[in-house]
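Read through the structure below, which is laid out as structure tokens, and then see the notes.
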Amino acid sequence: MEDFKTKALAAAERYLEHRGYALIESSPALQDASLTDIVANDGNALVFIEVLAKDNAATGFPEEADSKRIQKTKEMEAIRWLERQEGRYCDMEIRFDVVSLVVLAPERALIKHHVNVMIESALAPNLPFEPACPIGEEPMLACATA
């Protein structure tokens with residue numbers, strides 16, 4: 001199971017780097033019980049990314065948890081991470097993304113990237129929302145090697 005999680009995280013990191021994100025920190029440097037697997041820079045946005053993965057393509061992508069409790073947990077993790085940075089990244093927008101992977105073959109995965117999953121966060125309540133794709137459309141999909 002740990003090997004699967006490690007491979008999923010590596011695939012997500014490669015995908016994000018290919019999309020132009022600058023990786024700052026990732027598991028296991030982040031806390032084990034954390035919902036945040038990767039912290040990255042995307043332009044002027046500091047992005048906290050959760051990676052979800054399934055090894056069974058028959059049931060589709062992993063389900064994202066959508067609740068106020070999960071949102072508050074993600075926000076508190078971001079606050080604690082920012083506190084440890086001693087003032088770095090203080091002038092950046094904060095965003096939360098989810099990268100979902102489903103394994104298609106031993107070294108192939110389909111990736112779905114949800115950008116800005118928490119449209120309005122307590123960390124940035126007044127930032128204008130500019131969706132990565134028009135509302136109502138599916139998020140980006142990509143195929144990657146693991």
Who pairs with [X] by side chain to side chain contact (heavy atoms under 4.5 Å, CB included), at least two apart in sequence or on another chain?
X	result
Glu17	Leu23
Glu83	Ile79, Arg80
Ala57	Val102, Leu104
Asp91	none

Out of curiosity, [X] [atom1] to [Y] [atom2], how far, rounded to the nearest 0.5 Å?
X	Y	atom1	atom2	answer
Lys72	Ile70	NZ	CD1	13.0 Å
Lys112	Ser100	NZ	OG	6.0 Å
Arg88	Arg84	CZ	CZ	11.0 Å

Is any side-chain heavy atom of [X] closer than 4.5 Å to a side-chain heavy atom of [Y]?
X	Y	result
Ile38	Glu25	no
Phe4	Val103	yes
Glu13	Tyr21	no
Met118	Glu75	yes

Could you please spell out the steps behind the side-chain contact (heavy atoms from CB on, under 4.5 Å) verdict for Ile94 and Leu82? CA-CA 10 Å; Ile94 305 293; Leu82 286 164; 4.0 Å; yes
Determine whether the side chains of His113 and Asp97 contain a donor N or O and an acceptor N or O closer than 3.5 Å. yes
If you take all heavy atoms of [X] and [Y], which pair is closest and at what distance?
X	Y	answer
Ala40	Ile24	C-CD1, 3.9 Å
Ala12	Val99	CB-CG1, 4.0 Å
Ser34	Glu77	OG-OE1, 3.0 Å
Leu101	Pro62	O-CD, 3.6 Å

Could you go through Phe96 and Asn116, starting from their C-alpha distance and side-chain angles, then the distance that decides it, and tell me whether this counts as side-chain contact (heavy atoms from CB on, under 4.5 Å)? CA-CA 5 Å; Phe96 298 88; Asn116 203 12; 5.8 Å; no
With a 3.5 Å cut-off and sequence neighbours excluded, list the donor-acceptor pairs that the side chains of residues 44-54 form with protein atoms.
residue	atom	partner	partner atom	Å
Glu50	OE1	Lys74	NZ	2.9
Lys54	NZ	Thr59	OG1	2.5

